[in-house]
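Input: a single structure, listed below in structure tokens.
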Amino acid sequence: QGQLVESGGGLVHAGGSLRLSCAASGSTSSIHVMAWYRQASGKHRELVASMSNGGSTNYADSVNGRFTISRDNAKNSVYLQLNSLKPEDTAVYYCTVWYYNGRNYWGQGTQVAVSS
């Protein structure tokens with residue numbers, strides 16, 4: 001009863017920036033938590049950033065100070081601003097949403113590649 005569409009990935013040089021977007025649709029329930037995960041080649045998927053309905057945020061130590069999560073409730077969208085990108089940030093980034101009805105959905109992922 002819901003789906004997420006991600007966009008904004010791409011190839012940039014170290015030090016560059018990207019803005020990832022994730023639009024949620026198809027659910028009659030309100031969003032409880034939105035978050036971004038990433039998975040590098042050969043690595044486990046890890047939590048990058050999350051935001052609760054009340055606006056509280058949490059960041060992985062590796063991205064804290066460089067990435068910013070935000071959302072637009074009217075558009076049912078969540079964003080991730082990636083600044084000062086490093087090669088180690090290269091990964092597929094996934095948006096995930098938890099609704100108040102208990103359902104959880106994941107996006108298909110968007111590729112971020114940072115060259116040296």
Side-chain angles (χ1 to χ4, degrees):
Q1 197 175 337
Q3 62 182 42
L4 305 178
V5 179
E6 297 162 309
S7 63
L11 174 63
V12 298
H13 288 102
S17 298
L18 288 172
R19 185 175 178 83
L20 308 184
S21 299
C22 175
S25 63
S27 177
T28 58
S29 180
S30 297
I31 294 173
H32 180 32
V33 176
M34 304 188 83
W36 288 92
Y37 284 72
R38 69 184 182 186
Q39 186 168 19
S41 180
K43 303 293 182 62
H44 295 295
R45 188 172 298 185
E46 64 176 349
L47 176 66
V48 176
S50 65
M51 173 174 277
S52 70
N53 175 262
S56 61
T57 59
N58 183 64
Y59 296 93
D61 289 341
S62 60
V63 307
N64 195 21
R66 298 187 297 120
F67 293 4
T68 303
I69 187 171
S70 62
R71 72 183 190 186
D72 185 333
N73 290 335
K75 296 181 179 180
N76 289 320
S77 298
V78 63
Y79 309 92
L80 186 67
Q81 179 68 41
L82 300 81
N83 295 328
S84 301
L85 283 163
K86 305 175 181 179
E88 51 263 44
D89 294 319
T90 296
V92 177
Y93 285 70
Y94 298 89
C95 176
T96 187
V97 175
W98 287 269
Y99 289 90
Y100 278 106
N101 64 4
R103 292 184 179 274
N104 172 232
Y105 298 94
W106 289 81
Q108 82 290 343
T110 183
Q111 176 70 242
V112 171
V114 185
S115 65
S116 300

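Remember, predicted model here, so these are calculated numbers, not experimental data.
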> At their closest point, which heavy atom of Thr110 faces which heavy atom of Glu6, and how far apart are they?
Replying inline: N-OE1, 4.0 Å
>> Applying side chain to side chain contact (heavy atoms under 4.5 Å, CB included) to Asn76 and Val97, what does each step give before you reach the verdict?
In response: CA-CA 10 Å; Asn76 289 320; Val97 175; over 6 Å; no
>> Can you classify the ring geometry of Trp106 versus Trp98 as parallel (below 30°), tilted (30 to 60°) or perpendicular (above 60°)?
In response: perpendicular
>> Can you give me the closest heavy-atom contact between Asp89 and Arg38, atom names plus distance?
In response: OD1-NH1, 3.0 Å
> Among the clusters formed by ILVMFWY side chains lying less than 4.5 Å apart, do Tyr79 and Leu82 turn up in the same one?
Replying inline: no
> Hey, what's the ring geometry for Tyr99 with Tyr105, parallel, tilted or perpendicular (30° and 60° as the breaks)?
Replying inline: perpendicular
>> Side-chain heavy atoms nearer than 4.5 Å, only ILVMFWY residues, links allowed to pass through others: does that put Val63 and Val78 together?
In response: yes
> What distance separates Cys22 SG from Lys75 NZ, expressed to the nearest 0.5 Å?
Replying inline: 14.0 Å
> So how far is it from Tyr100 OH to Asn53 CG, rounded to the nearest 0.5 Å?
Replying inline: 3.5 Å
>> Ignoring hydrogens, what is the shortest heavy-atom contact between Leu80 and Ala49? Give both atom names and the distance.
In response: CD1-CB, 4.2 Å
>> Would Thr68 and Tyr59 count as a side chain to side chain contact (heavy atoms under 4.5 Å, CB included) here? Give the steps.
In response: CA-CA 8 Å; Thr68 303; Tyr59 296 93; 3.8 Å; yes
> Can Phe67 and Leu85 be said to form a side chain to side chain contact (heavy atoms under 4.5 Å, CB included), step by step?
Replying inline: CA-CA 9 Å; Phe67 293 4; Leu85 283 163; 3.9 Å; yes
> Under 4.5 Å between side-chain heavy atoms, hopping through other hydrophobics if needed: is there a path connecting Leu47 to Tyr94?
Replying inline: yes
>> Once rounded to the nearest 0.5 Å, what's the spacing between atom NE2 of His13 and atom OG of Ser116?
In response: 9.5 Å
>> Tell me whether Thr57 contacts the main-chain N or O of Met51 through its side chain, where contact means a donor paired with an acceptor under 3.5 Å.
In response: no
>> For Gln111 versus Thr90, what's the shortest heavy-atom pair and its separation?
In response: OE1-CG2, 4.1 Å
>> Using 0.5 Å steps for rounding, measure from the CD atom of Gln81 to the OG atom of Ser21.
In response: 9.5 Å
>> Applying a strict under-4.5 Å side-chain criterion to I, L, V, M, F, W and Y, I'd like to know whether Val92 and Ile69 cluster together.
In response: no
> How close do Gly107 and Leu4 get, heavy atom to heavy atom, and via which atoms?
Replying inline: N-CD1, 3.6 Å
> Shortest non-hydrogen contact from Ala24 to Ile31?
Replying inline: CB-CD1, 4.2 Å
> Is there a side chain to side chain contact (heavy atoms under 4.5 Å, CB included) between Val112 and Leu20 once you walk through the steps?
Replying inline: CA-CA 9 Å; Val112 171; Leu20 308 184; 4.1 Å; yes
> Can a donor-acceptor pair be found between the side chains of Thr96 and Asn104 at a distance below 3.5 Å?
Replying inline: yes
